[in-house]
Amino acid sequence: MYEIFATDTFKKIFNSLSGEETYWINKIREKFRDYPTGKPLGYKWFREKKYLNKRLYYLIDEENKKILFVSFASKKEQQEVINFIKSNMKELLSYLKGL
């Protein structure tokens, strides 16, 4: 089973979401405990899961069975989030491995 964690940024976003969005993310969290799926974004460890016009961005550490939810943003913000994650990948991956 995978352990699932979230960045502080993700936690702030999550707390401001609508009930339907939080319900969907909680459902995804439960499904991911057994087997994470999603569209790879350039790297095996960096993925997104689509919900209506928004995307859940997360990192997967297959070796240690850990997942880090990084952001939940609209399609319009997609490139900004992807660029942030790619430019901070070393820090985010080491953070995930240290959890």
Side-chain angles (χ1 to χ4, degrees):
M1 281 187 68
Y2 284 81
E3 287 184 273
I4 299 173
F5 303 94
T7 62
D8 290 340
T9 302
F10 179 82
K11 290 174 187 175
K12 288 178 189 172
I13 293 168
F14 184 80
N15 289 332
S16 69
L17 297 175
S18 72
E20 288 178 13
E21 291 168 332
T22 57
Y23 175 77
W24 179 81
I25 290 172
N26 285 329
K27 259 179 42 179
I28 291 297
R29 183 179 283 139
E30 289 306 310
K31 286 182 184 178
F32 279 8
R33 288 193 192 288
D34 295 324
Y35 186 74
T37 60
K39 178 182 173 188
L41 296 173
Y43 302 94
K44 184 180 175 186
W45 48 264
F46 179 28
R47 298 189 186 174
E48 74 175 8
K49 192 82 172 165
K50 185 178 173 185
Y51 175 73
L52 300 175
N53 68 334
K54 293 191 174 181
R55 273 103 178 127
L56 172 64
Y57 300 93
Y58 54 97
L59 309 180
I60 299 176
D61 178 359
E62 296 276 353
E63 187 179 315
N64 297 306
K65 301 278 190 206
K66 293 179 183 178
I67 297 172
L68 179 65
F69 286 178
V70 179
S71 189
F72 185 68
S74 68
K75 173 76 173 157
K76 196 164 56 171
E77 300 166 300
Q78 181 179 33
Q79 198 57 54
E80 186 180 322
V81 172
I82 290 170
N83 290 344
F84 172 81
I85 291 172
K86 285 183 177 179
S87 66
N88 293 286
M89 68 180 165
K90 286 183 182 176
E91 293 86 355
L92 288 166
L93 288 171
S94 67
Y95 176 73
L96 176 57
K97 288 187 184 292
L99 292 171

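Just so you know, residue 1 is the first one in the sequence shown, and it goes up from there. Please read all numbers here as calculations on a predicted model, not as lab measurements.
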Check the pair Met89 / Leu92 against side-chain contact (heavy atoms from CB on, under 4.5 Å), numbers first and verdict last.
CA-CA 5 Å; Met89 68 180 165; Leu92 288 166; 5.7 Å; no
Step-by-step side-chain contact (heavy atoms from CB on, under 4.5 Å) determination, Leu17 to Phe14
CA-CA 5 Å; Leu17 297 175; Phe14 184 80; 4.2 Å; yes
Which atom pair, heavy atoms only, marks the closest approach of Ile13 to Ser71?
CD1-OG, 3.7 Å
For Glu21 and Ser18, indicate whether the former's side chain and the latter's backbone hold a donor-acceptor pair under 3.5 Å.
yes
Please answer: with hydrophobic residues joined when any side-chain heavy atoms are less than 4.5 Å apart, are Leu68 and Phe72 in the same cluster?
no
Heavy-atom count check: over 12 atoms from other residues, nucleotides or ligands less than 6.0 Å from Glu62 CD?
yes
Should we count CD of Glu91 as having more than 12 external heavy atoms under 6.0 Å?
yes
Quick one: pull up NZ in Lys75 and CD in Glu48 and give me the separation to the nearest 0.5 Å.
7.0 Å
Would you say that Ile82 contacts Arg55 through its side chain, given a criterion of any heavy-atom pair below 4.5 Å between the two side chains?
no
With sequence neighbours left out, write down each residue that passes side-chain contact (heavy atoms from CB on, under 4.5 Å) with Ser87, or none if nothing qualifies.
none
Point-to-point distance, once rounded to the nearest 0.5 Å, from CG of Asn88 to CG of Asn83
10.5 Å
Less than 3.5 Å apart, which donor and acceptor atoms pair up between the side chains of residues 35-43 and the rest of the protein, not counting sequence neighbours?
| unit_1 | atom_1 | unit_2 | atom_2 | d |
| --- | --- | --- | --- | --- |
| Thr37 | OG1 | Lys49 | NZ | 3.0 |

Side-chain heavy-atom pair Tyr58, Val70 within 4.5 angstrom cut-off
no
Indicate if Ile67 and Phe46 have the same hydrophobic cluster label, given that clusters are the connected sets of ILVMFWY residues with side-chain heavy-atom separations under 4.5 angstrom.
no
Quick one: does Trp24's side chain get under 4.5 Å of Leu56's, heavy atoms only?
yes
Option from Leu59, Thr7, Ile25 for which side chain to side chain contact (heavy atoms under 4.5 Å, CB included) with Phe69 holds
Ile25
Output for pair (Glu63 CD, Asp61 CG), nearest 0.5 Å, gives 6.0 Å
Counting only pairs under 3.5 Å, give me each side-chain donor-acceptor contact of residues 26-34, with atom names and distances, residues two or more places apart or in other chains.
| unit_1 | atom_1 | unit_2 | atom_2 | d |
| --- | --- | --- | --- | --- |
| Asn26 | OD1 | Arg29 | NH1 | 2.9 |
| Asn26 | ND2 | Thr22 | O | 3.2 |

Less than 4.5 Å apart, any side-chain heavy atom of Glu3 and any of Lys65?
no
Do you reckon Tyr23 sits in the same ILVMFWY cluster as Ile4, going by side-chain contacts under 4.5 Å, direct or chained?
no
What distance separates Leu93 CG from Trp45 CH2, expressed to the nearest 0.5 Å?
4.5 Å
